[in-house]
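Values below: all heavy atoms of this structure, side chains included; hydrogens, waters and symmetry mates excluded. Keep in mind that this is a model prediction, so the values were computed, not measured. For ligands, and for the atoms within them, numbers begin at 1 and follow the listed sequence.
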Amino acid sequence: MKISLSASCLCKGVKFKTNGEHRNVSNCHCIQCRKTHGIYGAYSNINDKDVKFLNKKTLRWFKSSNNAKRGFCNKCGASIFFKTKNSNNISIAAGMFDKPTKLKTMRNIFVATKSDFYKITDKLPKFSKYSKK
Ligand SMILES: [Zn+2]
Ligand SMILES: [Zn+2]
């Protein structure tokens, strides 16, 4: 859905606006999201060119695998972005967006690797690993 949103981390050292076609939110239960968010990651996704930074003084990137990196704030510790090589899209942790976001959660991915201290209680589609849909 084509929308414009404002977003920032907890300390506002990273602040940006989006304007474009947002994918709805995907809850990712992979091990990497667990280790960086403390629980699953909830990500929207948008084309790189539709993100405009107002501040990125404290934005740093962590190379989390051979083909992906994660953007975080080195002041407040927020986990903000997920980005794969060879992609024009960037995933944005949905909690960064100011309300109302108009976004909806649409699915659960990597459910095979979720932790055991919570249950997935929604009725949304579940995928064992990644889903392109
Ligand atoms: Zn911050
Ligand atoms: Zn994940």
Side-chain angles (χ1 to χ4, degrees):
M1 135 203 39
K2 204 167 189 300
I3 46 176
S4 176
L5 295 173
S6 297
S8 72
C9 64
L10 184 55
C11 75
K12 297 189 167 60
V14 182
K15 212 169 163 353
F16 54 97
K17 278 185 185 301
T18 59
N19 187 8
E21 195 62 41
H22 272 264
R23 191 200 65 199
N24 266 322
V25 176
S26 182
N27 287 347
C28 180
H29 302 266
C30 79
I31 293 166
Q32 291 199 355
C33 283
R34 187 206 311 167
K35 295 289 182 183
T36 188
H37 293 285
I39 190 165
Y40 55 85
Y43 284 96
S44 180
N45 193 295
I46 194 168
N47 197 288
D48 283 328
K49 68 169 170 42
D50 296 331
V51 177
K52 188 172 177 254
F53 282 97
L54 306 174
N55 190 4
K56 54 178 177 181
K57 211 166 42 192
T58 58
L59 177 62
R60 299 291 181 278
W61 292 92
F62 170 69
K63 189 174 186 291
S64 51
S65 71
N66 282 335
N67 60 5
K69 60 183 183 176
R70 288 173 181 268
F72 65 98
C73 173
N74 80 342
K75 188 174 179 194
C76 72
S79 289
I80 307 166
F81 299 115
F82 174 76
K83 178 105 183 83
T84 52
K85 262 186 204 165
N86 313 319
S87 167
N88 295 325
N89 277 21
I90 184 163
S91 293
I92 304 170
M96 304 303 139
F97 295 117
D98 298 334
K99 293 198 292 182
T101 69
K102 302 184 189 84
L103 298 168
K104 293 255 187 301
T105 304
M106 65 168 191
R107 66 177 181 188
N108 292 284
I109 59 171
F110 284 96
V111 298
T113 51
K114 81 170 197 64
S115 191
D116 56 4
F117 65 88
Y118 65 96
K119 288 194 169 76
I120 298 172
T121 54
D122 61 56
K123 301 278 191 293
L124 301 170
K126 292 184 184 67
F127 300 90
S128 150
K129 289 185 172 174
Y130 185 66
S131 165
K132 281 201 190 302
K133 278 190 294 176

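- For the residue pair Asp122/Asn108, the side-chain donor-acceptor check at 3.5 Å is satisfied.
- In summary, no N, O or S atom of His29 is located under 2.8 Å from the Zn ion (ligand 2).
- Remark: the backbone N or O of Asn89 is paired with a side-chain donor or acceptor of Lys83 at under 3.5 angstrom.
- The aromatic rings of His22 and Phe97 sit perpendicular to each other, their planes meeting at more than 60°, with 30° as the lower class boundary.
- At the Zn ion (ligand 1), the vertex angle linking SG of Cys11 with SG of Cys76 is 120° (nearest 10 degrees).
- Angle SG(Cys33) to the Zn ion (ligand 2) to SG(Cys30): 110° [nearest 10 degrees].
- Side-chain contact of Ser91 with Asn45: a donor-acceptor pair under 3.5 Å is present, judged by distance alone.
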